[in-house]
*Asks:* 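This is the structure I want to talk about, given as structure tokens.
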Amino acid sequence: MYCQDCGERIVDANKFCPQCGSSISGASDVSHHSPMPSFPKAGTDSFCIGSAIAGVIALLIPLFGITGIIAIILGVQGRGNANRNGMGGGGLAVLGIILGIVSLLRILFIFASFLTR
């Protein structure tokens, strides 16, 4: 049996809880104080994967910055999802964000070089 006050296991012969001193009338067969351990969800968040893919595409095929912006948005959303849900993929999200920013900077430098001619 278990004490209802503190959750300590009580031997049937005891009249009081050895931990908190409450009487065994407050004892039950189920412990309410032993929470189930929480495990992180397995897998990688799909937004994180999408961010990394969009970042690579943004570097290879610059489509006027659209894929870079998509990589950044997916990365921010994926990183938040991964942190909230305990899933993996935070590194992929950061990679997508960085590649998206680099692709946007590359496009800005290209446009700036055309304007200075």
Side-chain angles (χ1 to χ4, degrees):
M1 293 194 310
Y2 295 92
C3 176
Q4 286 184 336
D5 292 334
C6 70
E8 180 74 20
R9 186 179 179 102
I10 300 173
V11 180
D12 290 335
N14 288 352
K15 294 183 181 182
F16 297 97
C17 173
Q19 180 70 24
C20 69
S22 64
S23 68
I24 76 161
S25 63
S28 69
D29 290 332
V30 179
S31 173
H32 297 287
H33 298 283
S34 58
M36 293 294 293
S38 62
F39 298 103
K41 295 180 182 178
T44 303
D45 187 69
S46 58
F47 283 103
C48 297
I49 296 169
S51 173
I53 292 171
V56 170
I57 292 172
L59 283 179
L60 297 177
I61 309 167
L63 298 172
F64 305 107
I66 295 171
T67 50
I69 293 170
I70 291 172
I72 294 169
I73 291 171
L74 288 176
V76 170
Q77 182 66 36
R79 185 135 170 86
N81 288 348
N83 288 340
R84 253 190 319 278
N85 300 331
M87 298 177 75
L92 289 173
V94 171
L95 174 69
I97 292 168
I98 292 170
L99 293 178
I101 291 171
V102 168
S103 71
L104 289 177
L105 289 175
R106 183 179 72 174
I107 290 172
L108 287 175
F109 286 130
I110 290 171
F111 284 137
S113 68
F114 282 126
L115 293 176
T116 58
R117 286 185 182 184

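Note that the structure is a prediction, hence the values are computed from the model and not measured.
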*Asks:* Quick one: pull up CD1 in Ile61 and OG in Ser103 and give me the separation to the nearest 0.5 Å.
*Replies:* 12.0 Å

*Asks:* Residues two or more places apart in sequence or in another chain: which of them pass side chain to side chain contact (heavy atoms under 4.5 Å, CB included) with Leu99?
*Replies:* Val56, Leu59, Leu95

*Asks:* Which residue pairs pass the side-chain hydrogen bond (donor to acceptor under 3.5 Å, both in side chains) test with at least one member in residues 107-116, sequence neighbours excluded?
*Replies:* none

*Asks:* Is there a path from Ile98 to Val76 through hydrophobic residues (I, L, V, M, F, W, Y) whose side chains come within less than 4.5 Å of each other?
*Replies:* no

*Asks:* Sequence neighbours excluded, which residues qualify as side chain to side chain contact (heavy atoms under 4.5 Å, CB included) partners of Phe109?
*Replies:* Leu105

*Asks:* Verify the cluster assignment for Val102 and Leu60: are they in a single hydrophobic cluster under the rule of side-chain heavy atoms below 4.5 Å apart?
*Replies:* yes

*Asks:* Under the side-chain hydrogen bond (donor to acceptor under 3.5 Å, both in side chains) rule, what pairs show up with a residue in residues 68-77, not counting sequence neighbours?
*Replies:* Gln77-Asn81

*Asks:* Through direct or indirect side-chain contacts below 4.5 angstrom among Ile, Leu, Val, Met, Phe, Trp and Tyr, which residues connect to Ile70?
*Replies:* Phe47, Ile66, Leu74

*Asks:* Taking all atoms of both residues into account, what is the closest heavy-atom pair of Gly55 and Ala71, and its distance?
*Replies:* N-CB, 3.5 Å

*Asks:* Which residue pairs pass the side-chain hydrogen bond (donor to acceptor under 3.5 Å, both in side chains) test when at least one of the two sits in residues 46-73, sequence neighbours left out?
*Replies:* none

*Asks:* Could you give the distance from CG (Leu104) to CD1 (Ile69), rounded to the nearest 0.5 Å?
*Replies:* 5.5 Å

*Asks:* Compare every heavy atom of Ala93 with every heavy atom of Cys48, then report the nearest pair and how far apart it is.
*Replies:* SG-CB, 3.8 Å

*Asks:* Which atoms form the tightest heavy-atom contact between Leu92 and Ala52, and what is the distance?
*Replies:* O-CB, 3.8 Å

